[in-house]
Participant: 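Here it is, the structure, as structure tokens.
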Amino acid sequence: MKCSIPKGTRDFLPVEMARRNYIFDTIRDVFKTFAFEPIETPSIENLSTLMGKYGEEGDKLLFKVLNSGNFMDGVDFSQEYNKVAPKICDRGLRYDLTVPFARFVVQHRDQIALPFRRYQLQPVWRADRPQKGRYREFYQCDADMIGSRSLLNELELVQMIDAVFNKLGIGVTVKINNRKVLSGIATMVGAPDKLIDITVAIDKLDKIGLDNVKGELRERGLSDGQILALDPVFNLSGSTNDKLAGLRNIFTNNADGLAGVEELETLFSLINTVSVDCNVELDLTLARGLNYYTGAIFEVKAHDVSIGSICGGGRYDNLTGIFGMPDVSGVGISFGADRIYDVMTELNKFPDNLGQAAQVMFINFGNNELPYVIKCAAQMRDHGISSLVYPDAAKMKKQMDYANKKGVAFVAFIGENEMNQNNITIKNMSSGQQSTLSIPEAIATIQKA
RNA sequence: GUGGGCGUAGCUCAGCUGGUUAGAGUGUUGGAUUGUGGAUCCAAAGGUCGUGGGUUCGAGCCCCACCUCCCACCCCA
């Protein structure tokens with residue numbers, strides 16, 4: 001039988017786990033220092049919780065879970081797939097952590113104090129076609145604050161992004177935009193209903209160029225006049241302040257747009273009051289497809305690596321409203337641990353002392369010495385030293401070879417001599433040095449190494 | 001969902017314009033070496049050449065279909 005795992009999923013070897021945990025630990029530490037508390041939610045949610053939150057594309061990418069039992073009874077299978085699916089699938093795998101979090105807040109509103117800040121490190125699933133940096137199962141590391149409209153929250157998210165990538169040693173640019181500015185633009189050209197179409201097209205500006213963007217806008221149903229009306233936006237240039245000032249002029253009498261500009265002005269002036277090492281820039285072409293965003297939107301790109309964004313997020317004013325708890329605004333970011341892993345691999349940024357199965361391995365000479373060996377190993381473990389007793393009295397070469405491959409720091413020899421004199425011989429595997437010591441001395445030596 | 005590329009040993013790959021018994025390196029196992037690893041040498045095991053069909057006297061190689069993985073678009077972490 002040929003064994004394999006489903007498309008877009010991966011196994012992780014011990015080395016990989018050590019590196020992944022290094023990323024998770026780094027992110028978790030930053031979240032904790034910003035006073036976020038952990039929660040978890042189930043892998044499967046009711047499909048009704050998930051559907052319609054991520055746009056048409058997102059609905060297609062949801063993994064749906066087939067009902068159990070006689071789910072085919074009374075279902076008309078001659079209908080289209082998207083009509084049949086909701087009837088035979090009541091549940092689906094979560095697509096992100098933000099929507100389940102909104103559901104969580106509504107459901108547990110009596111047990112949490114607003115404003116509430118939580119972090120959550122869990123896998124999500126998308127039925128995308130896999131490719132570089134895109135998996136069907138991947139981890140998101142989310143931090144969200146809910147129940148506060150203060151832009152201080154946005155500032156702290158930027159500081160957290162800065163802290164995480166600083167610790168990991170990755171150079172990044174944080175791009176910031178505001179959905180209200182985008183909808184202001186849509187209103188300005190007289191196509192508020194085309195907000196998504198306009199943003200998706202504008203998003204591609206740096207990739208396909210102005211002419212192609214205009215072509216795409218035309219395809220998406222904007223008139224030539226409307227496209228022409230966008231020119232003042234495309235012509236904005238200069239510093240962040242210049243662009244924001246330009247937008248103010250464009251947005252006279254455009255309440256939505258002006259509100260967005262004001263938020264951006266406030267956020268950028270806040271950012272200027274703190275010290276941030278990474279690049280932070282205003283990017284008016286940043287759109288982000290998830291259609292629950294209503295205010296600030298963030299996206300983080302790694303320098304020197306061509307991969308999608310490694311972190312993203314934004315403010316959502318009414319996500320809980322869908323579940324029956326209106327007027328609770330939230331804002332959050334999500335770190336893509338798997339992409340960060342890929343970036344760090346490509347840039348060779350992992351520390352090389354990560355992960356070690358055992359600090360000391362006891363050579364197995366046979367049943368005579370074994371009771372003493374077991375006692376020694378127990379003492380080592382009591383002192384927090386990870387210890388391994390080779391399970392079989394195999395040939396010395398084989399045992400040494402194994403210790404070498406495992407990368408254990410010390411090998412312990414306990415034969416007749418050592419046992420009789422209550423000693424232990426330990427060998428440092430990287431230096432090759434070897435000495436016979438009392439057990440407390442050996443413990444001290446290993447702990448020092 | 002659309003387009004492109006790949007598929008030969010556990011892994012990385014070679015295999016000539018189609019020719020008889022499919023190779024190397026690495027890894028695995030055993031030995032040289034009975035209380036000492038990384039090096040070297042020897043030996044062994046390991047393949048329905050992605051799957052199915054077709055062309056041919058003859059297919060790993062040519063043709064068709066399907067599958068997989070990779071890459072790009074789309075979208076996004």
Side-chain angles (χ1 to χ4, degrees), chain A residues 2-10 13 23 27 54-62 81-82 95-98 121-142 161 196 199-201 203-204 207-208 212 216 286-291 293 297-302 306-314 332-343 361-366 369 390 393-419 425-434 436:
Chain A
K2 208 171 158 187
C3 46
S4 62
I5 53 175
K7 187 193 282 224
T9 64
R10 293 150 302 154
L13 292 163
I23 294 173
I27 292 172
Y54 309 105
E56 216 176 299
E57 197 65 29
D59 283 352
K60 270 193 238 160
L61 298 181
L62 277 169
Y81 164 76
N82 55 11
Y95 179 90
D96 71 356
L97 301 177
T98 309
L121 276 50
Q122 287 194 276
V124 302
W125 293 269
R126 296 184 188 177
D128 238 338
R129 189 177 286 199
Q131 56 177 280
K132 189 182 181 191
R134 181 195 282 180
Y135 307 100
R136 287 187 151 186
E137 178 184 57
F138 61 96
Y139 271 77
Q140 289 196 332
C141 309
D142 277 37
I161 293 169
I196 304 265
T199 54
V200 167
D203 187 37
K204 295 177 189 162
K207 219 172 203 173
I208 62 176
N212 290 323
E216 180 151 348
L286 173 61
R288 297 195 56 80
L290 294 179
N291 45 13
Y293 291 127
I297 43 186
F298 305 98
E299 191 163 292
V300 180
K301 296 279 252 178
S306 115
I307 197 164
S309 55
I310 54 177
C311 178
I333 43 164
S334 177
F335 291 84
D338 302 80
R339 282 186 181 173
I340 292 172
Y341 182 97
D342 292 345
V343 167
M361 186 188 102
F362 290 82
I363 296 289
N364 187 331
F365 285 113
E369 293 84 1
Y390 197 87
K395 279 186 183 165
M396 177 69 74
K397 179 186 158 73
K398 190 170 175 163
Q399 298 193 42
M400 291 299 288
D401 206 29
Y402 182 79
N404 192 44
K405 271 183 200 146
K406 281 275 170 202
V408 309
F410 290 89
V411 166
F413 303 91
I414 295 173
E416 226 181 300
N417 292 343
E418 286 89 351
M419 186 168 63
T425 298
I426 56 168
K427 173 172 180 160
N428 182 322
M429 288 296 275
S430 52
S431 70
Q433 269 183 6
Q434 180 172 323
T436 303

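Every chain is numbered from 1 and lettered A, B, ... according to where its sequence line falls, protein lines coming before strand lines.
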Participant: When rounded to the nearest Å, what value does the distance between C1' atoms of B/rA43 and B/rU8 take?
Facilitator: 25 Å
Participant: Answer yes or no: does a side-chain N or O of A/Gln131 lie under 4.0 Å from OP1 or OP2 of B/rA72?
Facilitator: yes
Participant: Decide yes or no, distance alone: a donor-acceptor N/O pair under 3.5 angstrom between the base of B/rG37 and the side-chain of A/Asn404.
Facilitator: yes
Participant: What's the gap between B/rU17 and B/rA77 when it is taken at their P atoms, as a whole Å value?
Facilitator: 49 Å
Participant: Is A/Arg10 reaching over with its side chain to a backbone N or O of A/Phe138, donor-acceptor style, under 3.5 angstrom?
Facilitator: no
Participant: Look up atom CG in A/Leu62 and atom CH2 in A/Trp125, then write down how far apart they are to the nearest 0.5 Å.
Facilitator: 12.5 Å
Participant: Check every atom of B/rA77, B/rG37, B/rU36 against the side chain of A/Phe413 and return the nucleotide holding the closest atom.
Facilitator: B/rU36
Participant: Can a donor-acceptor pair under 3.5 Å be found between the side-chain atoms of A/Arg129 and the base atoms of B/rC75?
Facilitator: no
Participant: Could you check whether A/Phe138 and the base of B/rA77 form a stacked pair, meaning centres closer than 5.5 Å and planes differing by less than 30°?
Facilitator: yes
Participant: Pick the C1' atom in B/rU56 and in B/rC62, then give their distance to the nearest Å.
Facilitator: 10 Å
Participant: Treating A/Glu418 as the side-chain partner and A/Gly415 as the backbone partner, does any N or O pair qualify as donor plus acceptor under 3.5 Å?
Facilitator: yes
Participant: Quickly work out the A/Lys395 NZ to B/rG35 P distance and round it to whole Å.
Facilitator: 10 Å
Participant: What distance, rounded to whole Å, do you find between the two C1' atoms, one in B/rC71 and one in B/rG10?
Facilitator: 26 Å
Participant: Return the nearest nucleotide to the side chain of A/Lys132; candidates are B/rA72, B/rC69, B/rU36.
Facilitator: B/rA72
Participant: Taking only N and O in the side chain of A/Lys398, is any of them less than 4.0 Å away from OP1 or OP2 of B/rG30?
Facilitator: yes
Participant: A/Lys204 side chain: which of B/rG37, B/rC75, B/rU36 is closest?
Facilitator: B/rC75
Participant: Between B/rG38 and A/Lys405, counting only base atoms on the nucleotide and side-chain atoms on the residue, is there a donor-acceptor pair under 3.5 Å?
Facilitator: no
